[in-house]
Amino acid sequence: MGGAVHAKDLLTIGEVVARSGFPHSALRFYEREGLVSATRTSGGQRRYERGVLRRLAFIRAARSIGIGLDDVRAALDELPADHTPTKTDWTRLSRTWRGRLDEQIDALVALRDGLDSCIGCGCLSLARCRLMNPEDRAAAAGDGARMLPAALRRGPAA
């Protein structure tokens, strides 16, 4: 996060936990993963620059929309190391996911709109569904939720 930092501008792990909502274990994990950094006091206690709160907010937002840690790391690596990121830096970074979010929104709307008729029909079985899966055509495509839009079939976020 860079720059000269005074000790009074550093936060303890407890302060970061209280302000970010992340547990201690998550902060230590994200530090090990290189997503956030901390300095150490002479007694070995972690101290975080205030900018870590923005990074953690970004991580939370990214993870809540299913973006994996590798993608989060790559995005955070694009932020400047020599100064605290500006609004422009954050805006540029978040734009890279706009298309993906639009795709997920469209897929969720389609799923929502399709659930009304499928759940309402009463069959509750794709093997017998005459509307969405006549003659169990989906079975030929293999296991899994093949009828879901591709944006919702991505593997779980790491």
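Throughout, numbering of the chain's residues begins at 1 and tracks the sequence.
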Would you call T39 and Y48 a side-chain contact if the rule is heavy atoms closer than 4.5 Å?
no

Side-chain heavy-atom pair R19, R50 within 4.5 angstrom cut-off:
yes

When you check the gap from the basic side-chain N to the acidic O, do R100 and D71 get nearer than 4.0 Å?
yes

Non-hydrogen side-chain atoms of R55 and L79 separated by less than 4.5 Å:
yes

Within this structure, what is the CD1-OG distance for the pair I59 and S64, rounded to the nearest 0.5 Å?
12.0 Å

Residue pair F58, L76: steps toward the side chain to side chain contact (heavy atoms under 4.5 Å, CB included) verdict:
CA-CA 9 Å; F58 179 80; L76 290 173; 3.7 Å; yes

Donor-acceptor check, side chain of R63 to backbone of V72, threshold 3.5 angstrom: yes or no?
no

Side chain to side chain contact (heavy atoms under 4.5 Å, CB included), that's the test. Do L108 and I105 meet it? Break it down for me.
CA-CA 5 Å; L108 287 169; I105 289 167; 5.7 Å; no

Quick one: closest heavy-atom pair of S20 and L56, and the distance?
CB-CD1, 3.8 Å

Applying side chain to side chain contact (heavy atoms under 4.5 Å, CB included), can you list everything that pairs with T91, at least two apart in sequence or on another chain?
K87, R95

Would you list the atom pairs, donor with acceptor, under 3.5 Å between side chains in residues 27-35 and any protein atom, with sequence neighbours excluded?
{"from": "E31", "atom 1": "OE1", "to": "R46", "atom 2": "NE", "distance (Å)": "2.7"}
{"from": "E33", "atom 1": "OE1", "to": "R73", "atom 2": "NH2", "distance (Å)": "2.6"}

For T12, side chain to side chain contact (heavy atoms under 4.5 Å, CB included) partners two or more places apart:
E15, R47

At what distance, to the nearest 0.5 angstrom, does OG1 of T96 lie from CG of L101?
9.0 Å

Could you tell me the separation between the CD atom of Q104 and the CD1 atom of I65, rounded to the nearest 0.5 Å?
6.0 Å

Are W97 and W90 linked, directly or through other ILVMFWY residues, by side chains that come within less than 4.5 angstrom of each other?
yes

Go through the steps for T41 and L10 under the test side chain to side chain contact (heavy atoms under 4.5 Å, CB included), then give the verdict.
CA-CA 11 Å; T41 66; L10 296 175; over 6 Å; no

I would like to know whether E78 and D89 meet side chain to side chain contact (heavy atoms under 4.5 Å, CB included); could you show each step before the answer?
CA-CA 9 Å; E78 292 180 24; D89 293 323; over 6 Å; no

